[in-house]
Amino acid sequence: MSQIESPRHLVTRFAPSPTGRLHIGHGWSALQAHDLARESGGRFLLRIEDTDITRCREDYTQGIYEDLHWLGLSWDGLMIQSARLPAYDAALEALKAQGLAYPCFCTRGDIAREVAASLHAPHGADGPLYPGTCRRLGGDERAQRIAAGQTHSWRLDMGAALARTSPLVWHDATAGAVPVDPDALGDLILKGKDRPASYHLAVVVDDAAQGVTDVVRGLDVFASTHAHRTLQALLGLPSPFYRHHRLVVDAQAKRLAKRAAGLSLAELRAAGWSGPDLADDLRAGRFPVGIALGED
Ligand code: GLU
């Protein structure tokens, strides 16, 4: 099957991180993923993306279940990322075995200083790209520092990775065929100092493990797909079809933050809203006062 044609029975997922309560934007995203799957006779899956152990909380995970049920949504499968660390380690090992992952000992301060000292620090989608300091370390120094117990993350050597693959493209419902841009994220983190797997690594491994055919998610992570497509190629995983959607924004046209006061689904419920009615409104494109869909 070609990557462009979606199969008839679509498998979609909603993949929130339990770092706060869900807001209307999350509800809208979940509804789209849910309805797309159900209308095709396919499956809608839920994935709790809780590898950021310093920020994720179990009560927020419980809140996700509550909020989705309140909207009237059910799911056909549940995956919890914190229970899947061996799968991410295996993927990291596969990248190391290809010589495409390297340990990075830099602190945030080290990186900021190096970027500030550089006249032409390249910028990607999320700000300045990692300047590659630790990519240039020799094998002996790496081994010595690791043996000495120096804390480190693991990064992808994006240049080497793309030199290894044929030109890569991913497919988006709105943007069409998108060639991979190596500078979108640069040498992204695969495993953090206190994060057992990065969002990028875990999402790629799990979309494949769950058989996701269509990734429905916000435009805020559009640029991440360059990294995801690259990792799929390196790990021999299929590439789903992407459906990045516009974000829900507030009256100042700013995207909703997890802490957006008064706009969490829990607060709306407490204020007496009906979940199924809100779901129907969102499906019809009717957003509560002060809320709208943002730009493409
Ligand atoms: N956990 C990510 C988020 O909450 C999911 C993004 C995605 O759907 O890939 O932004």
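We use all heavy atoms of the structure for the numbers below, so side chains are in, but hydrogens, waters and symmetry mates are not. FYI, the numbering just counts along the sequence from 1. Indexing begins at 1, ligand by ligand and atom by atom, following the structure's order.
Relative to the ring axis of Phe14, Arg47 does not place its NZ or CZ within 45° and under 6.0 Å from the centre. In this structure, Arg229 fails the cation-pi test against Trp170, since its NZ or CZ atom is not both closer than 6.0 Å to the six-membered ring centre and inside 45 degrees of the ring normal.
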Can you produce the list of protein nitrogen or oxygen atoms under 3.5 Å from a nitrogen or oxygen of ligand 1, alongside each distance?
unit_1   : atom_1 : unit_2 : atom_2 : d
ligand 1 : 1 (N)  : Ala15  : O      : 2.8
ligand 1 : 1 (N)  : Ser17  : OG     : 2.9
ligand 1 : 1 (N)  : Glu49  : OE1    : 2.6
ligand 1 : 8 (O)  : Arg13  : NH1    : 2.6
ligand 1 : 9 (O)  : Arg13  : NH2    : 3.1
ligand 1 : 9 (O)  : Tyr199 : OH     : 2.7
ligand 1 : 9 (O)  : Arg217 : NH1    : 2.9

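A heavy-atom distance below 4.5 Å is found between the side chains of Phe287 and Trp28.
For residues 132-141, every residue pair satisfying the side-chain hydrogen bond (donor to acceptor under 3.5 Å, both in side chains) rule, not counting sequence neighbours, is listed here: Glu114-Thr133, Arg135-Asp187, Glu141-Arg145. Pairs passing the salt bridge (Lys or Arg N to Asp or Glu O under 4.0 Å) check and including a residue from residues 68-86, sequence neighbours excluded, read Arg38-Asp76, Arg84-Asp206.
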Cut-off 3.5 Å, no hydrogens considered: what does the side-chain donor-acceptor table look like for residues 161-168, sequence neighbours left out?
unit_1 : atom_1 : unit_2 : atom_2 : d
Arg164 : NH1    : Gln98  : O      : 3.1
Arg164 : NH2    : Gln98  : O      : 3.2
Thr165 : OG1    : Leu162 : O      : 3.4

